[in-house]
Amino acid sequence: MAVSYREDRMNKILPPSFYRRKTLFVAKNLLGKYLVRKIGKKNIAGKIIEVEAYNGPKDLASHASRGKTKRNEVMFGDPGHWYIYLVYGMHFCLNIVTEKKGYPAAVLIRSVETESGEINGPGRVCRSFKIDLGLNNAKAFGKEAELWIEDRGEKIGKIKRTPRIGVDYAKDYKDKLWRYSR
DNA sequence: AGATTGATCCAT
DNA sequence: TGGATCAATCTG
């Protein structure tokens, strides 16, 4: 039984259940998946090659470590939604919310590989994919999604685990090996 | 190494 | 309400 083009496309989009699991597991398993941005009739896609996990209320590197605020409330919500914020007054950062509602966690998309080359850095990823606060709290699944992640069946090789970038203030959490890259 | 940039957060 | 801070990037 052949599936329609639409069903085939839908089947590759990661469902909320993918994100509902442990944040470190989700982070590692996002490598090799494709970030896809719908702009009008066109899609931009890039293979995810670097991420960071921000894992729970005790993670001092996480925005959520000082409780829920207007900015970070999306992290406390349902998995499979985008958490986007402005850093340094200039750049946007894209995160996908993980784990069950009430447990604040997310994975930051740091770098992708497109057909025209690598895009390194969360600010550059957002600029290239035309991502801003308008997508904050948007769903990363379903037919209305404008931004989602697909499994295209590609395997990733050896995964590197390194400390997260720019979190020197995070005391005993600053050296956690929660940055994953290929 | 230094400048940029402005929303956010918390201590006054 | 003020001022330090910031999950970054660019230029020199």
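Remember, predicted model here, so these are calculated numbers, not experimental data. Residue numbers start from 1 in every chain, and the chains themselves are labelled A, B, ... in the order their sequence lines are given, proteins ahead of strands.
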Determine the contact category for R127(A): base if any of its heavy atoms lies under 4.0 Å from a base atom, sugar-phosphate if only primed atoms, P, OP1 or OP2 are that close, otherwise nothing. sugar-phosphate
Give a yes or no on whether the ring-centroid distance for Y85(A) and H63(A) is below 6.0 angstrom. yes
Step through the shown structure and confirm whether more than 12 heavy atoms of other residues, nucleotides or ligands are within 6.0 Å of CZ on R152(A). yes
K47(A) and salt bridge (charged side-chain N to carboxylate O under 4.0 Å, His left out): which partner among E150(A), E115(A), E118(A), E154(A)? E154(A)
Secondary structure string for DNA chain B (Watson-Crick or G-U under 3.5 angstrom, | for other-strand pairs): ||||.||||||.
Looking at Y173(A), is K176(A) sitting on its ring face, NZ or CZ under 6.0 Å from the six-membered ring centre and within 45 degrees of the normal? yes
Using heavy atoms and a sub-4.0 Å distance, could you list which residues of residues 44-61 of chain A are near DNA chain C? By number, please. Y54(A), A61(A)
Using the ring of F18(A) (Phe, Tyr or Trp, six-membered ring only), decide whether R21(A) places NZ or CZ under 6.0 Å from its centre and within 45 degrees of its axis. yes
Using a strict heavy-atom distance below 4.0 Å, which residues from residues 106-125 of chain A are in contact with DNA chain C? L108(A), R110(A), G121(A), P122(A), G123(A), R124(A)
Can you confirm whether the side chains of E50(A) and S111(A) place a donor and an acceptor under 3.5 Å from each other? yes
Heavy-atom check, side chain of K160(A) versus side chain of R182(A), under 4.5 Å: no
From NZ (K68(A)) to CD (E73(A)), nearest 0.5 Å: 7.0 Å
How far does CD of E144(A) sit from NZ of K38(A), to the nearest 0.5 angstrom? 8.0 Å
Quick one: how far along DNA chain C does chain A reach, first to last nucleotide 5' to 3', anything under 4.0 Å to a heavy atom? dC6(C) to dC10(C)
Going 5' to 3' along nucleotides 5-12 of chain B, which nucleotides have protein heavy atoms under 4.0 Å from the base (write B), which only from the sugar-phosphate (write S), and which from neither (write -)? BB--SS--
Can you tell me if D59(A) uses its side chain to pair, donor with acceptor, with the backbone of Y54(A) under 3.5 Å? no
OH on Y83(A) to CG on L135(A), rounded to 0.5 Å: 15.0 Å
With a 4.5 Å cut-off on side-chain heavy-atom distances among I, L, V, M, F, W and Y, is there a chain of contacts connecting F129(A) to L14(A)? yes
Nearest 0.5 Å please: distance from the CE atom of M90(A) over to the CZ atom of R127(A). 11.5 Å
Set of side-chain hydrogen bond (donor to acceptor under 3.5 Å, both in side chains) partners for T114(A), sequence neighbours left out: S116(A)
Does Y180(A) have K28(A) sitting over its ring (NZ/CZ under 6.0 Å from centre, angle to axis within 45°)? no
